[in-house]
Each structure stands twice: as C-alpha cells, then as structure tokens.
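Order of the sequence lines sets the chain letters (A, B, ...), proteins ahead of strands, with each chain counted from 1.
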Protein chains: 2
Amino acid sequence: MLSYTLSREEKRPLYDQLYRLLRADIESGALSEGERLPGRRALSQQLGVSRVTVETAYQQLAAEGYVHARAGSGYYVDRIDVPLPCTTPPASFTPIETDAGYPVDFVKNAADEALFPFSVWARLTRAALIDHERALLAAVPSMGVPELREAIARLLYRMKGISCAPEQIVIGAGSEYLFNMLIQFLGRDRVIAVETPGYPLTARILQKNGMRLAPVPMDAHGVRMDALFESGARALVLSPSHHFPTGVVTSIGRRRELLRWAEETDSLIVENDYDSEFRFSGMPVPSLMSADTAGRVVYINTFSKSIAPSVRVGYMVLPPALAARYREEMGFYTCAAPALEQYVVERFLTLGYYDRHIARMKRACRARRDRVIALIRKSAFADRVTILEADAGLHFLLRVRTNESDAALKWALRRVGVRVACLSDYAYPGTTADAHVLVINYSNVDVDALEKSLPRVEQALLNGD
Amino acid sequence: MLSYTLSREEKRPLYDQLYRLLRADIESGALSEGERLPGRRALSQQLGVSRVTVETAYQQLAAEGYVHARAGSGYYVDRIDVPLPCTTPPASFTPIETDAGYPVDFVKNAADEALFPFSVWARLTRAALIDHERALLAAVPSMGVPELREAIARLLYRMKGISCAPEQIVIGAGSEYLFNMLIQFLGRDRVIAVETPGYPLTARILQKNGMRLAPVPMDAHGVRMDALFESGARALVLSPSHHFPTGVVTSIGRRRELLRWAEETDSLIVENDYDSEFRFSGMPVPSLMSADTAGRVVYINTFSKSIAPSVRVGYMVLPPALAARYREEMGFYTCAAPALEQYVVERFLTLGYYDRHIARMKRACRARRDRVIALIRKSAFADRVTILEADAGLHFLLRVRTNESDAALKWALRRVGVRVACLSDYAYPGTTADAHVLVINYSNVDVDALEKSLPRVEQALLNGD
C-alpha cells in the first residue's frame, strides 16, 4: 500500500498534493505500468482524507494520461515513456540572422513595429480563441478560412477596384509561399519575365522554383513592351501600382498594352501589389487586375507589409477559370496559414482596424519622409543631390552628383553608420541600371540618428571630390 | 463652427460622443482634408463641455488617423480614402472542400479533435501575447524562433534519439511546406525514390515541384534494396518508423543497408516521421537519422499530426553541413509559420503538455482500435478476414477473403455508409499492391456508428459470394 503524507497546512488542496505524489511515483517508476492504484475507499481511510479527494486526484491523473480507468475495476497505471535526461542545449543560441545594426538603415524595408496596434491584436486573438473554438481545432480548408476570403473580397472591391468572388481567393502563409504555390500550379515550361531593376527576392524565389527568367528593362511608363515581346516570356511578374525600386507607376496606356500582350501571346500577368496601400495622395491607383476582362491577371498581396511582418497571411486572387482549376489541382495542399491568425486578420479587417492602421502608418511614413527630405535639403550636399520621387510610399530615389563608383559611395556612407543600397544593386545580373542613385527606404529609419550623424554624412559625401 | 448636440443622459461618455460625431463628419466629407478642427477652448465653450473632453476626442481621432496635430497650431483633418459602398458578398459562401460525410470513415486520417487540450492552448496563447509582445511584432528569423528550435532539439533527443543542435532545425508552416523548401534547396536534377504503396500526397508534392519520381516496392523489412539500386535514384523519401499504409517498420538490417546505399551513391534520405509518436508498446524505435553518421539523412516531422491539424508548425532537421548551406542559400525566405504559434508550441512542449497530449491520444487510439477489432472478431464475417497489424499507431490492414474486385468491395461498403480505401489505392500509378486488403484508419472513426451499422456491413461483405 502507498504511504503518503498529506498536509492540511499547505496552500495546495489535498487532492492536488495526492495527485502530485502519485504522479511523481509513476514518473519515477515506483508505480509501474499496469499496476492497479489502491482502491479509493482503502486509500482514503489510510490517508485520513475523503473519498472525493482520492477520486479527484485519480481523475486528474486519468485526464493527463498517467492512468486509465477500467469499468468496475479501478485505475491502472499507463505506460509512461520515461524521459531521458535532457540534453543541455548550447548555453546561448547564436542568432543566425544578424542585423548589421547600422544606426541609420535605409535598406531595411519593413513597417515600423511601434505603430502596430498590439493591444487590439491581442484582444482580437483572445476573442477568436473564444468565438472559434471548434473551427480552430479542425484543419483549415485548403484555400483558406471562408470568412477571411469574404472580408478580403470586400477589401479588394473597396480599395483596389477588384470585383471577385471569395472563391477566387487563395490564402497562404505570406506572398513568398503563394509564389511557390502559383509556380507549382502554372508549371515550369514557360519563360517568366521580371522587371530590371527589380525586387531581387521575387527573382530568387522564381529561380529556386526552377523557372527560366527573362529580365525586362523599365522606362518611365513601366516595363518596356518591345523588350517584353522580344523576351519570348509567357508570364510576367510586376508591380504596376508602385514599382520597387524606381517608384514608377505603370501608366494607363502601358497597362492596356500589357493586357493586350497577355491576350495575344496567351500569357499570364502576376500583379505583385505588395505596398500600394502606402500611396500618399491623389486617387488610389486601380489595380491592373481590375482592368483585366480576359482572365489574364493574377493578383498577389500580403498583410505582412501592411499589418506587421510577423503576420504570415498573404492572398492571391485568380481569374475564375484558373481558380476552378487551382482548386482541383492544388486542393490537396493544406492551407499553410493557421486558422487562428486567419480569424484575427478577418476581424481586424471587418471591424475597421485595418483602415485605421494603414492611415496611421501612412501618416508616420509621410512624417519620416518629410523629415528626411528636410535634412537633405538643409545639408551641405543639398546642391549635389536630386530627389526623385513618385507619389507612393516607403521609399524615394536620391541621385548624387559624384565621380565615385556606387561601391565607393556605399562604403563611404557605411563607414559613418549609414546603410544604403544603390539602384544598380537591384539590376538583374547581366543588366545595368543608372549609377549614383541611392534607394532611400525611409519607412522605418531612425531620423534622429540621421540628424545626429549628418555632419559625418556630409563629410563622407563631399570628401570624394 | 461645428454644431453638435451632446447628451449627458447617454451611456457613452461625452468625449466618445464628440469623437463619433467628428469622425462621421470626416468620413462623410463634411470636414474635408486639410481643414482645421475648431480650437479646443472655443469648442468646449460652444458645446458646454470641459476642454479635456474636447482634447480627449481629438486625441482619439489623431490616434486613429483621422486628424493630425501640428505643434502650436491645432488639429487638421487627414485625407481619408472614402470607402466605396461594400460589395455584397455571395449570401452563403459555398464551402469548397466538402467532406463526403460517411457515418463510418476509415479514410480520414486525422487526430481526434475532441482530445485537443483547447483550454491549455488558449491559456498559452494568451500568455505568449503578454510575454513576447516585442518578438511578436518583428519578422520571425528565417529558420524559426530560436526558443522553439531549442525545445525541438530537446524533444528529438528524448524521443527519437537524435542529437542535433538547434541550428540544424528549420521551422516551417507544416511538412508540406517543408518538402517544398527542401526540393528548392536540393534542386530538381536528381531522381527521387518513393515507396509503393505509399502516401500519395508526398508523391504529388514532389511531382508538383518538378521532381522525377521512381517508385520502389516494399517488402517486410522496408523498401527493397535491389529496386532502389536499379532505380538510379539519388534521393529517397521514406517513413522507416511506421510506413503508410503497410505499417512496416524498417528493420535494423535494412536501415544499415539504406545508409550504406546513401553513402555509396552520394544520395540523400528524407525521413518522413509523421506518425511515429503513436507507437503503442515496446521501446520507441530510434529514428533513422539517429543512426546516420555520414550526414545523409534529413528528418521531417510536423505537429499537425501530433498536436492538432490546425497547428501549422512542422520542422526539418538537416545534417550540420547541409544546415549551413541551407542558411546561406534559403535564408532569404521569411519563416512562414507565425511567431505567435511558434511560441505557443514551444511552451506546449517545454511545460510537458505535449507528452501528456500524446499519451492521451495514444490511449484514445488504442481504445478505438480495441473496439474496432472486437467488433470485427464478433462479426459474421470474422472468419473471412485477417487483421494485419504492426505495432504502431493510427491504422491497421484487413485482408478480406473474397472474389470481388477492390472497387466492388469499396462500393458495397460505401452503400452501407462505410468509407474505406484499399491497399491498391496507394500503389504508385503503374505499380501494383495486394488486392482485397482494406486500410483501416481508426484514429478518428465513430465506433458507435460502426457498431450500429454492423448488420448491414455484414450483409455487404457476405453478399458478394
């Protein structure tokens, strides 16, 4: 018979004390697999506690998988995999992804985390845990949670002029993931055109997925049509609302030409609309998809940029015919974005927090931009630089009159704590871009640090001559 | 001057009433972009409320992005993108993924959701929102949250005999996602062998990713070595701890042969260990990776199976040399699993809930299995069937003595509400598998429904002759 000492002086209730003593004996092997726990009556008499106390402790052990009940016969110890002693992991985990830690970083292209309405997010998360308990247990439908797809359909109509059914929308774990899915769906037998200069990550993802790329240069209206036709590409990825890094907004005329190209050559256009939310003024630019009547445009966007980088929810809108085929061919995949996060994003959109968050971020971006530009204008190098700016958000270009190479320019700035990239860094390998043009991502830059280091930046930029 | 009527009778505080009236006027355009809000003193006098009331309302509007303050000058209306009228989404969203809804479903291969400790999960989620606020705002490191990778390293040592550094672990949004990443990393120029019969999803993912597949048949010890050598494959995906659907556990001798094959042919083995947690008895089978001294085995597992299908967190362990290369070549990808979910899984593991959950699930599975087997043994068709069962979890095979085809067998059972697949359904296209063998996934089956329909099942199985 077991012999335990329980104490009424302790803060823990008696059943909890008994439960812990029994659990320890099961874990240590003192009570072994298959052994029957003492009868409730006998143990309660022996320990001088009520039978309910014993029963409660037994039920707790059963609930946690230490013992199981057999009808009319009592409780029996389950097999416990006795844990091996833990390995001691490396005392300090070496962070693999180091940030260079420049005081002034014009390369980092992420929203300012301080603007994220974390308490709202936490509240919506807690509410979703209560409201959607059953749904959170089940696997997510392959193309995403229906409520979120409906909310995105409304958002797209309101903000981008896209009129689509929720059935055309595919939710994924961010836009990188969605590009992977899209390529698997479309296959690898066509050449895909990318903009040069352009966003290098998109090209890398396409290449890692086994696509053959054709870089197509830009002019002031968007990608150049002659180069696009010559490339032989049968697909094109572009950002017509706001091209990175040039800032070019594809003109209406060029949009028409692009849609005609897609029809004539039986091609597909992938509209990567990752930062068009941050347009500062003027009417919102309608998306290219909204002008597409022939089912030739796939639209991709993500909330990682417009809500917070830790939110891994992106979406893709397929033309109706492609959406039906996608469901059939790709529906075997589980949706990679967890249900909880999808429900929270849905509430965030539907309750209006998204619009306010965008407004707040835009205001903060604009304030940062204004301060950065003011610092440049009053600097000693003001007459050596030209600000090239399109209307929309997050970055502008700075042309520097200098005889230095781009590499020398960047390194001179890095030595004084300023990290910056040049337009030429975004040229597709083997193509060129204008020299002496800095890409100024101001969305998350520490302007105070810039102000403080301005004298040294002036020296760095002027010393070259 | 604005003229609003505020009421002290209303439940809403005065500042809130004022805030709402102002907001409505901004949204309707009555207060337009750039317009200055009335001075606080003037408005408070006009409305007969305190200046604090006005200030609070203005600050709320500013916080939400409707207005902005200019130092010393007051508040100005910001540009609001006036929302278009919402589209009315389809009144009822047609669920795309329908479940056939058989009362007895032996195909569905998911853990029983009712066993998920949802209240624990919700509590850990709420705690993570408090503990990790800062970390939840930032982008997740490419290979995953360090704390979770440490917890997984400890789990693997304890449960699978794998001794690895957290730096070798890559977190992803489920194992399907990780297969995609792994193929992108390894490239598409080698033939990859898969087991036949085998898990069809794995083959589909590999094919969608542009891999050339070589199906390799099984014997009682695992994949057949002669066929593997003949296939010319330079990679192999297998589940040595518990093969689906045959249940074969790869023998120690065959494991040695496989590791030797990998070394001799410069090949890679991908160990898909998706359900080995559910082994019922005997010593845990050590993983193949734990026996690999040459850095030839990649280990993949997921918590979607062992915790809940809605948890989209999987992990992959790479040999040290490959891990370093992966970091370099694939580190540009953002981790697709959200930070919050990773922190919750980490707590779930570290606080011991995972072990208990597995124990509880195993017990429930065993109980279901015992009931299903008891029903079969007492049925009228008991002498027409043989139960083929390995030691581990979630399913067994049932060989039926019959002259019917597999198709006829399945349809006869479906007509009486029983959905079941045959071993032949899992044969790779162009290969064969034994006929008349049913695959009984009992992990989530409704045994009461089976008991109720047993007379009709008996008829269906016996009528054939």
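Considering only heavy-atom pairs separated by less than 4.5 Å from chain B, the leading option among A/Pro200, A/Gly314, A/Ala339, A/Ala122 is A/Ala122. By number of non-hydrogen pairs under 4.5 angstrom with chain B, the leading residue of A/Val140, A/Leu340, A/Leu136, A/Asn180 is A/Asn180. Comparing A/Phe185, A/Tyr353, A/Tyr177 by how many heavy-atom pairs each has under 4.5 Å with chain B, the most go to A/Tyr177. Interface summary for chain A: among B/Val313, B/Thr125, B/Ile130, B/Thr334, the most heavy-atom pairs under 4.5 angstrom belong to B/Thr334.
Within the 4.5 angstrom heavy-atom criterion, only backbone atoms of B/Ala337 (N, CA, C, O) approach chain A. Interface residue A/Glu341: only side-chain heavy atoms are found under 4.5 Å from chain B. Neither the backbone nor the side chain of A/Ala364 comes within contact range of chain B; no heavy atoms are under 4.5 Å apart. For B/Glu328, the part sitting under 4.5 Å from any heavy atom of chain A is the backbone (N, CA, C, O) and nothing else. At a 4.5 Å heavy-atom cutoff, the contact between A/Arg204 and chain B is made by backbone and side-chain atoms alike. With a threshold of 4.5 angstrom between heavy atoms, A/Phe332 approaches chain B through its backbone and through its side chain.
From A/Ile205, atom CD1 reaches atom CD1 of A/Ile183 across 8.0 Å, with rounding to the nearest 0.5 Å. Note that CE of B/Met143 and CG of B/Leu148 are 12.5 Å apart. Values are rounded to the nearest 0.5 Å.
Between B/His132 and B/Tyr343, the ring-plane angle classifies as parallel under the 30° and 60° cut-offs.
Put simply, the side chain of A/Arg158 reaches to within 4.5 Å of the side chain of A/Asp355, judged on heavy atoms. Counting heavy atoms from C-beta outward, B/Thr302 and B/Val311 have side chains that stay 4.5 Å or more apart. Residues B/Val170 and B/Leu178 have side chains in contact (heavy-atom distance under 4.5 Å, counting atoms from C-beta outward).
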Q. Could you go step by step and tell me if B/Arg327 and B/Glu167 meet the salt bridge (charged side-chain N to carboxylate O under 4.0 Å, His left out) rule?
A. CA-CA 9 Å; B/Arg327 198 155 61 219; B/Glu167 284 83 352; over 6 Å; no
